[in-house]
Amino acid sequence: VGAVRVTVALGARSYDVVIGPGVRGELSELVSGRAPNARLAAIVTTDNLVSQPWFDLDVGVMTELVIVPDGEAAKNLSVVESTCRHFARSGLSRRDVVVAVGGGSITDVAGFAAATYERGVAVVHVATTLLGQVDAAIGGKTGVNLPEGKNLVGAFHQPIGVLCDTETLATLPDAERRSGLGEIAKCWLLLRHPSSDLPGVSDEALVEMAAVFKARTVEGDEREQGRRALLNYGHTLAHALESQQSAGGSFQLRHGEAVAIGVAFAARLARRLGRIGDHAVAEHDAVLDFFALPKDLPTGVDRGALLAAMARDKKAHHNLTFVLADHDGFSVVADVPQEAVELELGLLEGQR
Ligand SMILES: NC(=O)c1ccc[n+]([C@@H]2O[C@H](COP(=O)([O-])OP(=O)(O)OC[C@H]3O[C@@H](n4cnc5c(N)ncnc54)[C@H](O)[C@@H]3O)[C@@H](O)[C@H]2O)c1
């Protein structure tokens, strides 16, 4: 299988996303091409990833390994501080390069450190989770969490290149895989591909479809003013579920699973509002079922708290805003009537 190369066309900030088995082997060529004056590369990653069989990266310049905590724990300001201090001690300068190796947690924190260290140094993302390859590594959004909420501090900082090596996915735990599949299912639905086409599609082709979709959407709307907001399909409820979970909720959902539930919910809400019919809802369910993703609210969820959290959603400039389908596409719909949301929340099964 060959590699697929997608250019994210953003004028002077354009870069390629390369998808395929073994594409991590292109790292040194990418760095010498896009950061020709670099003498040092700071590789930001975790202990878990360094010990994986595919961790054999050749950057072509001197490297400094910067180890950060694994998973979401990496995404806080103290890790940004320790990472930037590590950059400074190793003599990293503006002409040098940061190489983020990992999933969305790593590309978010390393990307943010790169955005701010010396007011901006080049970053390459080597995405190693399904979610990272189809979503987090593409588009230049970086950031970390605060105790008050997720992704509250961040910056737009486009990478100089993204390598999505599908060989690295062989070691990915199942739960992480499901998380990426949630975003892939969302893209499939946003593209309005029929569910009946799914059985013939390879994993590689799914990663490619979703990565291309993200790249094209970002191009049209780099700063997330318009079209890019459609990528938040399913995310109003997903964010509410995630904030309840992190506040001590009794359920355990990965991001993509929360998105899947959010997408199933958004389809039903759109039907209740007369925007789509039963067939479109059935299509949503068939796509989610194909990927074995959940559609129902988890047991023990507090529906009232979900409603309150959705009204507070960061992207909700108006009360209760959702991305909703209609007969010929998707749009951001503000001021969705609260009774409709309440009714649908009450109807979704409360068990898994
Ligand atoms: N910037 C964006 O546009 C954007 C978009 C979507 C999500 N995100 C962020 O991404 C984060 C989630 O990222 P994620 O789902 O990729 O998870 P993650 O980066 O937290 O990684 C999850 C786990 O998988 C392990 N792992 C990663 N690659 C592996 C591999 N190839 N083999 C074995 N183990 C591997 C990691 O060590 C970690 O334990 C969230 O914080 C979310 O906010 C950002």
Side-chain angles (χ1 to χ4, degrees), residues 8 17 21 23-24 44-57 67-76 79 100-115 123 125-146 149-159 162-184 186-187 207 210-211 213-215 217-218 221-224 228-229 231-235 238-239 242-243 245-246 253-259 262 314-315:
V8 184
V17 179
V23 300
R24 65 190 184 283
V44 181
T45 190
T46 74
D47 274 328
N48 175 36
L49 298 175
V50 169
S51 63
Q52 299 299 335
W54 44 260
F55 200 99
D56 51 6
L57 302 172
I67 298 293
V68 299
D70 198 61
E72 198 69 23
K75 284 184 52 171
N76 69 65
V79 174
V101 183
S105 301
I106 297 301
T107 53
D108 272 10
V109 71
F112 183 61
V123 64
H125 293 318
V126 180
T128 67
T129 62
L130 203 49
L131 186 76
Q133 296 188 353
V134 302
D135 190 356
I138 305 168
K141 277 212 280 174
T142 72
V144 296
N145 306 328
L146 293 179
K150 244 176 92 69
N151 299 326
L152 285 179
V153 176
F156 283 95
H157 185 56
Q158 298 294 344
V162 179
L163 300 176
C164 301
D165 190 334
T166 48
E167 272 174 17
T168 65
L169 301 177
T171 55
L172 195 65
D174 237 31
E176 300 306 332
R177 193 178 148 73
R178 276 202 305 284
S179 189
L181 289 176
E183 295 291 351
I184 288 176
K186 177 201 77 179
C187 287
V207 174
F213 183 67
K214 174 93 193 246
T217 309
V218 167
D221 181 18
E222 189 179 1
R223 311 287 296 195
E224 201 164 295
R228 191 163 172 176
L231 289 171
N232 290 320
Y233 193 39
H235 284 59
H239 287 150
E242 286 173 326
S243 67
Q245 180 168 307
S246 58
L253 294 171
R254 291 292 298 147
H255 178 67
E257 296 175 311
V259 169
K314 170 171 71 146
K315 286 168 184 114

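All values below come from the heavy atoms of this structure, side chains included, with hydrogens, waters and symmetry mates left out. All ligand and atom numbering here is 1-based and tracks the order in the structure.
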At what distance is the nearest protein heavy atom to [atom], and which residue and atom is it?
atom: atom 27 (C) of ligand 1; result: Thr129 CG2, 3.2 Å
atom: atom 6 (C) of ligand 1; result: Asp135 OD2, 3.4 Å
atom: atom 12 (C) of ligand 1; result: Leu131 CD2, 3.8 Å
atom: atom 34 (N) of ligand 1; result: Pro173 CD, 3.6 Å
atom: atom 9 (C) of ligand 1; result: Asp108 OD2, 3.4 Å
atom: atom 37 (O) of ligand 1; result: Asp70 OD1, 2.5 Å
atom: atom 41 (O) of ligand 1; result: Glu72 OE1, 2.7 Å

Looking only at heavy atoms, what is the nearest atom pair of [X] and [Y], with distance?
X: Asn151; Y: Asp108; result: OD1-OD2, 4.0 Å
X: Tyr233; Y: Val259; result: O-CG1, 4.0 Å
X: Gly132; Y: Ala127; result: C-CB, 3.7 Å
X: Arg24; Y: Trp54; result: NE-O, 2.9 Å
X: Gly103; Y: Thr128; result: N-OG1, 3.6 Å
X: Ile138; Y: Gln133; result: CD1-O, 3.4 Å

Flag side-chain contact, heavy atom, 4.5 Å: [X] against [Y]:
X: Val207; Y: Leu130; value: yes
X: Asp135; Y: Phe213; value: no
X: Thr168; Y: Gln52; value: no

Taking non-hydrogen atoms only, is [X] closer than 4.0 angstrom to ligand 1 via side chain, backbone, both or neither?
X: Ile138; result: neither
X: Glu176; result: side chain
X: Lys150; result: side chain
X: Ala74; result: neither
X: His125; result: neither
X: Asn151; result: side chain

Can you list the atoms of ligand 1 that are under 4.0 Å from a heavy atom of [X]?
X: Trp54; result: 30 (C), 31 (N)
X: Lys214; result: 3 (O)
X: Thr168; result: 30 (C), 31 (N)
X: Gly103; result: 16 (O), 19 (O)

What I want to know is whether [X] and ligand 1 share at least one N or O pair that is separated by under 3.5 angstrom.
X: Asn48; value: yes
X: Ser105; value: yes
X: Thr128; value: yes
X: Lys75; value: yes
X: Thr142; value: no
X: Gly104; value: yes

Checking Glu176 now: which residues fulfil side chain to side chain contact (heavy atoms under 4.5 Å, CB included) with it, not counting sequence neighbours?
Leu172, Pro173, Arg254

For a side-chain hydrogen bond (donor to acceptor under 3.5 Å, both in side chains) with His255, tell me which candidate from Arg178, Glu183, Glu72 qualifies.
Glu183

Against ligand 1, does Gly139 come closer than 4.0 Å with any heavy atom?
no

Does ligand 1 have an atom under 4.0 Å from some heavy atom of Gly102?
no

Hey, does the side chain of [X] reach the backbone of [Y] with a donor-acceptor pair shorter than 3.5 angstrom?
X: Glu257; Y: Ser179; value: no
X: Thr142; Y: Ala155; value: yes
X: Thr45; Y: Val101; value: yes
X: Asn76; Y: Ala73; value: yes

From Thr171, Asp47, Leu49 - option closest to atom 29 (C) of ligand 1 by heavy atom:
Leu49

Tell me which one of His255, Arg254, Gln133 gets a heavy atom nearest to atom 17 (O) of ligand 1.
Arg254

